[in-house]
There are 2 protein chains.
Amino acid sequence: MSDFENPVIRARLAALRESMLRHGVDAYLVLTDDFHASEYVDRYFKCRKWLSGFRGSAGTLVVTADEAGLWTDGRYFLAAAEQLRGTGVELRRMGEPGVPTIPEYLKQTLKDGQCLGYDGRTVTDAYARTLRTALFGREIRYAETLDLVGELWTDRPPFPAHPIWELEERFAGRSRADKLRFLREKMAALGADWHLLSSLDDIAWLFNLRGGDVAYSPVFYSYTLLSEDHAILYAAPEAFGAELRARLEADGVTIRPYLQIYEDLKALPGGKKLLLSRARTNVALIGAVPPGVELIDKPNPSTLAKAEKNPVEMENERLAHVQDGVAVTKMIHWLREEEKSGAIARGELTELDVSEKLLGFRRERPGFVDQSFSPIVAAGEHGAIVHYEATEESNAPVRPDSFLLVDTGGHYLQGSTDITRTVAIGALSEEQKRHYTAVLRGHLDVAAACFRHGCTGVNLDVLARMPLWELGLDYNHGTGHGVGYLLNVHEGPQGLRLRDQNSGAPFEEGMLTSDEPGLYLAGQYGIRIENLMLCVRTRQTEHGQFMGFEPVTMVPYERRAILPDMLTERELAQLNEYHAKVYERLSPWLDEDERAWLAEEAAAIGK
Amino acid sequence: MSDFENPVIRARLAALRESMLRHGVDAYLVLTDDFHASEYVDRYFKCRKWLSGFRGSAGTLVVTADEAGLWTDGRYFLAAAEQLRGTGVELRRMGEPGVPTIPEYLKQTLKDGQCLGYDGRTVTDAYARTLRTALFGREIRYAETLDLVGELWTDRPPFPAHPIWELEERFAGRSRADKLRFLREKMAALGADWHLLSSLDDIAWLFNLRGGDVAYSPVFYSYTLLSEDHAILYAAPEAFGAELRARLEADGVTIRPYLQIYEDLKALPGGKKLLLSRARTNVALIGAVPPGVELIDKPNPSTLAKAEKNPVEMENERLAHVQDGVAVTKMIHWLREEEKSGAIARGELTELDVSEKLLGFRRERPGFVDQSFSPIVAAGEHGAIVHYEATEESNAPVRPDSFLLVDTGGHYLQGSTDITRTVAIGALSEEQKRHYTAVLRGHLDVAAACFRHGCTGVNLDVLARMPLWELGLDYNHGTGHGVGYLLNVHEGPQGLRLRDQNSGAPFEEGMLTSDEPGLYLAGQYGIRIENLMLCVRTRQTEHGQFMGFEPVTMVPYERRAILPDMLTERELAQLNEYHAKVYERLSPWLDEDERAWLAEEAAAIGK
């Protein structure tokens, strides 16, 4: 396809293959996970990126003597093809016809007597079992404790241990003591003597603690072991100040060193029952549990509790979204001014300039902590690369007569945000407007959903797609994901997608979920419109409990790109109502110019 | 609650408990299935009905020394409560809060050392495994070959063996030889040496044969064992005529006696692989397979092939639905005449009269074979009992100022129909019209769905419910089910429901599915509107293959009950287009009076 070669990656793969040969390994898996199945990981763990060059947040590399394949999903097809160019790594497009899954590939590729290797700390127990099930009946050896990349990666970053801080109860809405009591009740109901937590978001939520070990996700590397009498937090002892340590001790929490968990697990007394979620626990931890201890494999009870924001958190999220909306709206106003000044026409404004400007506006907002993920600012055709990230190399000027897709978010003490606006630059074609309006219709239709309690995102996802499907259009990603409170920007158990391995969790009051349909035309442009919505109870009748969504994101849509005739009467009324609320909430925080401009942007649209 | 006693049922349960005591059984399960996991079964198999008095088509009875419980789903809550009155059998409403599943109940109830009994021929292997999994770790004995009800049921009907006949290729669209070739290709692809079919619909489809062993379902009791060289049909030899037998032999099909399958399975050579669907195979058959034979547990390949109607079947279904539409439309016209004559006001017309009249109209149609299920004709408040069936005892007069719900269907040589119309009798209230129009909106919205290939009924079900949910209303059943071709009126794998154990099969071209939202107000009335729809490919774009539904049912909706202002412009246009097509297709088959009346019923409605 291309004569470009990537000598750095090719050399690393060659070194890995030599190491595989020495260790007698025939296929080696490099996953994206840290030791906690976190979505976002510290750079210490970015072995797959180091080895393949692919920077996306999801993907698994499989290396054999002759082949190297990178499995990733539809979000990354375009980006991965770009980043893998010249590396010799083949892109395996997950879900496309004819593309085997990794277990299927290994079944086809590995011969009897051969060896499959990986670093078991980065592999969840559930995934290890999937592999063994697929290879059942074959004579395959497993080398589960091989960190081959770690051996080769000489300038690997140090293991992180940033300071840990406490999230006050006026933000968290619920005390640590209360959450511990809640978890112990759940353990008792499940008949568990001990509970092992190794997911970092669950631990941070439980203790009302936050850290800085992972970019864009204020968690800290840790494990937790809980019983009726003990609450042991395994983390870097130097990360706690004396005062915090005292407050934790007052709540009955003991701090032990991070790696001590493996020893303590081995010492668990037999005959006891240990609650854990195999899907979120690495296979090395499971291996440390003595055979006499019975495992109760259930989702962590904290995961659902954490997703259902309490009333204090719900109110805080509304406040955080006003502040975040002020920052994003100021950025859009600034873009308009730059457009008027001719700077955009002259090609003087780049994607990174926009990113930086927006971060500046966010930093001015009260309560702002950090960005909630790596900003996506994608001009023109870059917008069609779903998880495009502007770098010094790719950085492109903002161009007239196209779209600028801006998908960013912030962590605030009052909660986390995730918003996408697609801004029109210059004059749009009728087709561009038709496409924008179709995406907007789907976005509005999800937000307007009135549904019976028990519905999942698998049931509701079609609402976002129908207006696109009617035009023969679609997008290759889910419609929405759960969002944590000053935690991960992608946080389950709920979501909005057509298919879900676990059929999806029903929407419950307080769940915060994104609503982000899109449209991507390779080589042309991308459109995505995203709000976060709180799930709320609407009314109860003899037919059941009915639920709805309350959009909390407060930023105007792109007025220039809307074709009012394409909207139904209901959609138009909904749009105007939303814009009126945006003006009402944001205007007190804007300067006079911005306020006057917003009044025009948010003015009612007629047919 | 009630002082009514049902001495017949109480005596039967007492006799069963005596028998349980003799056999050392502590809990005894009575399922609804025959030996083939058929949905409709011959009366020979109706042990649960005989023992409990509950007549619904789904339900399981569990009897212990102290308790008797009948588990059934939302469709039957009202009917079961009525029919179980005075029997001492407790209704267990499946899916309601606090109601345990049967495995959960058995886990709570059975003590270590106790015995669970059932007739293994009526229990699928999959369900037997579910029970064993739930009771894992407990010391429970299983008595799997106990037909206790058979021992008590002295006047049990004889085992059925009605004549078997051939469905010509001009109706089936595909020859027996071609279907056998197709199945053998699938077996080869799955690495199977043998294939055991025990689902009656799959067998009837495969051989282009039909029978009369089961009311409303033209199948015949049989098993099939297939290999590269053998096609053995196990069925009553006396059910075949000499000519048919010769034609089957010409296609390489051997006939052996029905019960011979158990002996032949035991004689299968070791080292071979046997393809079967454990979910549709009884545990006694599985037990007959020698241990040296490897089981390949997959859905029967014939199930999907059967669901995807071929072009000949699709065209035949359209024809069958015109004929069936003529019968139903004639019935509605006759009802109108009866209304005009004052017969309804005088209470002279009953549910059973309507049923009989409609059957008479159907019998006049060319190609009519039988009714496709027991007709539901439910006047006024009977309509709120979802699977109400008028009997001599319950038979009620058709009443003015309410709804008459008519859910019926026919088997034709050209296919099977299933249609519900809710007819307005006399004057309706505004609320009744609002309710009817809300149900109609959901029904129209499903039919108008434009969706990407890959969608399942779990994705699309909400379209039918949204208009009701917006009013705080809902219905307690799925929105649609697959329908066989002159086979079962409920036939998977696709369906339209919010949740599906197997996540539902994607809609494929040629699938025939019902679209039947409803609304049920206990003590008042029920509304249901049902068409059958063929799934068709609409267009392919760079974003995928898009699909839609083509309604094939041809009967006007209830004009008097429609509030046009509640419909969107799209819904109104869709309604008028459908009515125009109904008139066009039916009018050639109607007499002059009927035609003039239909022209008014189907005339375009404006706002």
Side-chain angles (χ1 to χ4, degrees), chain A residues 95-97 137 294 435 438 445-446 448-476 479 496-504 506 519-524 538-548 568-571, chain B residues 74 95-97 137 294 435 438 445-446 448-476 479 496-504 506 519-522 524 538-548 568-571:
Chain A
E96 295 280 297
E294 186 185 328
H435 288 164
D445 292 355
V446 169
C450 163
F451 55 95
R452 212 177 97 162
H453 179 258
C455 272
T456 71
V458 177
N459 300 133
L460 301 180
D461 182 284
V462 292
L463 301 177
R465 290 178 205 269
M466 281 280 168
L468 289 159
W469 284 345
E470 282 166 14
L471 304 175
L473 306 169
D474 198 11
Y475 50 95
N476 208 351
T479 299
L496 274 165
R497 53 186 82 89
L498 285 175
R499 265 168 296 279
D500 192 293
Q501 264 194 307
N502 311 309
S503 286
L519 179 63
Y520 309 93
L521 303 178
Q524 298 183 61
T538 52
R539 62 167 156 165
Q540 189 156 24
T541 74
E542 59 188 316
H543 295 274
Q545 174 65 57
F546 291 86
M547 319 288 286
T568 65
E569 289 297 333
R570 187 195 49 67
E571 287 163 351
Chain B
E96 296 281 296
E294 187 185 326
H435 287 164
D445 292 356
V446 169
C450 163
F451 55 95
R452 213 178 97 162
H453 179 257
C455 272
T456 71
V458 176
N459 300 133
L460 301 180
D461 182 283
V462 292
L463 301 177
R465 290 177 204 270
M466 281 280 168
L468 289 159
W469 283 346
E470 282 166 15
L471 303 175
L473 306 169
D474 198 10
Y475 50 94
N476 208 350
T479 299
L496 274 165
R497 52 187 83 88
L498 284 174
R499 264 169 297 280
D500 192 293
Q501 265 193 307
N502 311 309
S503 286
L519 180 64
Y520 309 94
L521 303 179
Q524 298 183 59
T538 51
R539 63 168 158 165
Q540 190 156 24
T541 74
E542 58 188 316
H543 295 275
Q545 173 66 55
F546 291 86
M547 319 288 288
T568 65
E569 291 297 333
R570 187 196 51 66
E571 288 162 352

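Side chains are part of it too, since the values below use all heavy atoms of this structure and drop only hydrogens, waters and symmetry mates. Convention: sequence-line order gives letters A, B, ...; per-chain numbering from 1.
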Legend entry - When B/L521, B/L519, B/T541 are compared by non-hydrogen pairs under 4.5 Å with chain A, the top option: B/T541
Legend entry - Contact leader toward chain B among A/E470, A/R465, A/R570, A/E569, where contacts are heavy-atom pairs under 4.5 Å: A/E470
Inset, instruction - Counting only heavy atoms closer than 4.5 Å, note whether A/D461 contacts chain B via side chain, backbone, both or neither. - result: neither
Legend entry - Rounded distance [0.5 Å steps], CZ in A/R539 versus CG in B/L471: 7.0 Å
Inset, instruction - Pick one of side chain, backbone, both or neither for A/F546, based on which atoms fall under 4.5 Å of a heavy atom in chain B. - result: side chain
Inset, instruction - Would you mind telling me which of B/Q540, B/H543, B/Q545 has the largest number of heavy-atom pairs within less than 4.5 Å of chain A? - result: B/H543
Legend entry - Region of B/L468 in contact with chain A, defined by heavy-atom distances below 4.5 Å: neither
Inset, instruction - Taking B/N459 for its side chain and A/V462 for its backbone only, find out whether a donor-acceptor pair lies under 3.5 Å. - result: no
Inset, instruction - Look up atom CG in B/L463 and atom CE in A/M466, then write down how far apart they are to the nearest 0.5 Å. - result: 4.5 Å
Inset, instruction - Spell out, as yes or no, whether a donor-acceptor pair under 3.5 Å connects the side chain of A/R499 to the backbone of B/G454. - result: yes
